[in-house]
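Inspection log for the structure reproduced underneath, given as structure tokens.
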Amino acid sequence: MPDGKQRKQWRTGRDARDLPDAQENVADAQESDAARRRRRAQFLRELHEAKQLRDRVQPRRARAARMRQQMRMRTFRW
């Protein structure tokens, strides 16, 4: 277990804001954020497409799911 002095050094360690290339790190973070949003959008598109396909292939299950959703919305209190 670290003593008090080592623990204090650990807490006061440098972070990304103290580094000279912090601007590059921020640019990388924004780029990765944009890439993450693109991947998420692609995933959601594929998920929506898969749900539509499932609804076409299993119409009885899709109808039952629509009925359950309508019932939930009827009993929902605003």
Side-chain angles (χ1 to χ4, degrees):
M1 177 168 222
D3 62 354
K5 183 186 266 186
Q6 287 175 338
R7 201 176 301 146
K8 186 175 180 184
Q9 274 183 335
W10 178 75
R11 273 194 235 134
T12 60
R14 295 173 58 161
D15 59 3
R17 291 176 298 219
D18 297 334
L19 297 175
D21 61 344
Q23 294 298 328
E24 292 175 12
N25 290 341
V26 169
D28 289 343
Q30 289 173 347
E31 184 177 330
S32 64
D33 189 43
R36 183 188 65 81
R37 284 195 304 267
R38 278 193 301 274
R39 286 192 312 270
R40 182 175 185 271
Q42 178 68 26
F43 169 77
L44 291 175
R45 279 193 299 271
E46 291 175 358
L47 179 65
H48 185 68
E49 183 180 336
K51 285 182 179 180
Q52 286 180 337
L53 176 63
R54 185 183 63 199
D55 290 348
R56 282 196 309 268
V57 172
Q58 300 175 337
R60 186 181 302 171
R61 184 176 290 179
R63 182 174 186 270
R66 279 195 310 274
M67 294 297 170
R68 283 192 299 274
Q69 176 65 17
Q70 288 174 356
M71 191 60 88
R72 277 196 300 269
M73 293 309 288
R74 277 189 215 127
T75 58
F76 183 76
R77 292 182 185 247
W78 296 99

For residues 49-67, run the donor-acceptor check on the side chains, cut-off 3.5 Å, and write out each pair with its distance to 0.1 Å, sequence neighbours left out.
residue, atom, partner, partner atom, Å
Q52, NE2, H48, NE2, 3.1
Q58, OE1, R61, NH1, 3.4

Inset, instruction - Identify which one of R37, Q42, R38, R36 satisfies the side chain to side chain contact (heavy atoms under 4.5 Å, CB included) criterion when paired with R40. - result: R36

Inset, instruction - Identify, with sequence neighbours excluded, every residue that meets side chain to side chain contact (heavy atoms under 4.5 Å, CB included) alongside Q69. - result: R72, M73

Legend entry - Other cluster members, F43 - Ile/Leu/Val/Met/Phe/Trp/Tyr, side-chain contacts below 4.5 Å: L44, L47

